[in-house]
Number of protein chains: 2
Amino acid sequence: MPAAIHESRPNRRGVEVRERVLRTAWEAFSREGFRACSLARIAADAGLSQAGLLHHFPTKEDLLLAVLRWRDELELDQVGRTLPTHTGLSVLSRLLRLVEINVELTDVVRSFTVLSAESVSEGHPARDWFRARYTRVRAAVADALQSGVDSGEIRAGTDCHAVATEVCAVMDGLQLQWLLDPGAVDMVALFRDYARRLDAALRNPAREAPDTPDGQDTRDTGDTPGGTAPSAAP
Amino acid sequence: MPAAIHESRPNRRGVEVRERVLRTAWEAFSREGFRACSLARIAADAGLSQAGLLHHFPTKEDLLLAVLRWRDELELDQVGRTLPTHTGLSVLSRLLRLVEINVELTDVVRSFTVLSAESVSEGHPARDWFRARYTRVRAAVADALQSGVDSGEIRAGTDCHAVATEVCAVMDGLQLQWLLDPGAVDMVALFRDYARRLDAALRNPAREAPDTPDGQDTRDTGDTPGGTAPSAAP
DNA sequence: GTCTATACCGCGATAGAC
DNA sequence: GTCTATCGCGGTATAGAC
């Protein structure tokens, strides 16, 4: 009788190590970028040898993709539940809250900034992932705005997808300048100003109740770390 | 009598080679980033050996800094003359024109996106350069806006520096999404929409002559390539 | 000023013992 | 599942001939 097929059935210990490696790799990629960072260093920081690491993730590229998938799951758990609860212009308040959280998470923001920019190179292993991510985030924000249009809160004829793209761009662009020169760029204040102006421009004038995104929103937004932009549940 | 000191007095030929190397290196850095790119490849593309390259630029880092200084001079020549001629809200038209130019210069845009993001790492050789660049660009745009405030075209009390930072952020953020997914992001249209809305928000209502930034501006703006954001003469 | 040759190192990945 | 040892490659930088 042949031995039972040795499925990669992870026991408790294996999952622990795997997760520790993923977290360490994520931090390393964030500091130095994917290409510049070495497996040996990640392995050492995670407390195992390089060969040991490669037992779990056969190649460096596999490790990167695993890290990105792992981040996906984290964000899906965290943001996926809270973002859809905000519809219409309140999504701007939610995003402002995200910026407020991000300003305390320099490493996470740097991760997304470094990795996403690196991934625009032709043939970069993370390119598809980032493209899909932006597609998803833009759609989520656009959906939230569209429901505002449907309810009459937002002006009819608003191009919600265009606005969503612009909002993501502001977040990303501010992050870059903030990372380069934190003392000169007040990311939270700048995004708040932008969001207020956008709110005023989009709001349907034939309505009242100006719940401007001034950070005084008291809904439960959750303490959701997020990179460049929030991920949303599909 | 001792031989004359052999100053690095570049003759015609030397300058030619140097410039060819700089241009090649700029393109290589733009595609792959600074760290990922190899001197051997740059040397080959520039038509000389690696050792020959290192004769002109002793280390890779020297080469990077030389490339950045070279870009500075180029932009100073090109943008430095045209941007200061636009004051007040017309600076938005000028920036829209820049986006229109950039959309045809994928490689240049990618250069700035990749390099600037890479430079946010601690101790990156280009970090100081990018920080200084953004400081300069923000100040230039803010100055243009401020003169609009002074002339009464723009609302009194406008925080010109904050707006300048935001405008740069929009340009950078749109570039990232556009590079990742050119088919899904119409960078020019998106920036035009943003600029129009910003124009409307900033314009002093106690005035007339709404010269909106719709790209119909007929002033001579010059064909000025520029990266992430325009550089301006001090 | 440019070359060939090479030193030297660190990288990703593999082999095989335990 | 983790280790040590090692391979093979490609990187930056240097030495020295021409």
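Within every chain, numbering begins at 1; the chains are lettered A, B, ... in the order of the sequence lines, protein sequences first and strands thereafter.
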Q: From the options A/N102, A/V103, A/V170, select the one residue that forms a side chain to side chain contact (heavy atoms under 4.5 Å, CB included) with A/F191.
A: A/V170
Q. Is A/R133 salt-bridged to A/E75, cutoff N-O under 4.0 Å?
A. yes
Q.
So that I know where these two stand, are A/F112 and A/W26 an aromatic pair - ring centroids less than 6.0 Å apart?
A. yes
Q. Can a salt bridge be assigned to the pair B/R110 and B/D107 using a cut-off of 4.0 Å between side-chain N and carboxylate O?
A. yes
Q) Which atoms form the tightest heavy-atom contact between B/A164 and B/R138, and what is the distance? A) CB-O, 3.5 Å
Pairs: protein N or O with nucleotides 7-9 of chain C N or O, under 3.5 Å:
none

Q. What is the distance from atom CG of A/L68 to atom OG of A/S119, rounded to the nearest 0.5 Å?
A. 9.0 Å
Q | Base versus backbone protein contacts along nucleotides 7-16 of chain D [heavy-atom cut-off under 4.0 Å; B, S, -] | A | ----SBBBB-
(Q) Can you tell me if B/R20 has over 12 outside heavy atoms packed within less than 6.0 Å of its CZ? (A) yes
Q: Determine whether B/F29 and B/I42 make a side-chain contact, defined as any pair of heavy atoms from C-beta on separated by less than 4.5 Å.
A: yes
Q. Within the pair A/S49 and D/dT2, is there a side-chain N or O less than 4.0 Å away from OP1 or OP2?
A. no
Q.
I need the CG-P distance between A/L64 and C/dG12, as an integer number of Å.
A. 12 Å
Q: Taking the side chain as every heavy atom from C-beta outward, state whether A/H124 and A/F34 have any pair of such atoms under 4.5 Å apart.
A: yes
Q) So, B/R192 and B/D186, do they make that salt bridge, N to O below 4.0 Å? A) no
Q. When the distance from CD of A/E16 to C1' of D/dT2 is rounded to whole Å, what number comes out?
A. 16 Å
**Q.** Atom-pair distance (NE2 on A/H55; P on D/dG1), nearest Å
**A.** 4 Å
Q: Scan residues 120-128 of chain A against DNA chain D and write down, sorted by residue number, each residue with any heavy atom closer than 4.0 Å; if none is found, say none.
A: none
Q) Taking atom C1' of C/dA13 as reference, at what distance in whole Å does atom NE2 of A/H56 sit? A) 16 Å
Q | Inter-residue atom distance B/E100.CD - B/M187.CE, 0.5 Å rounding | A | 10.0 Å
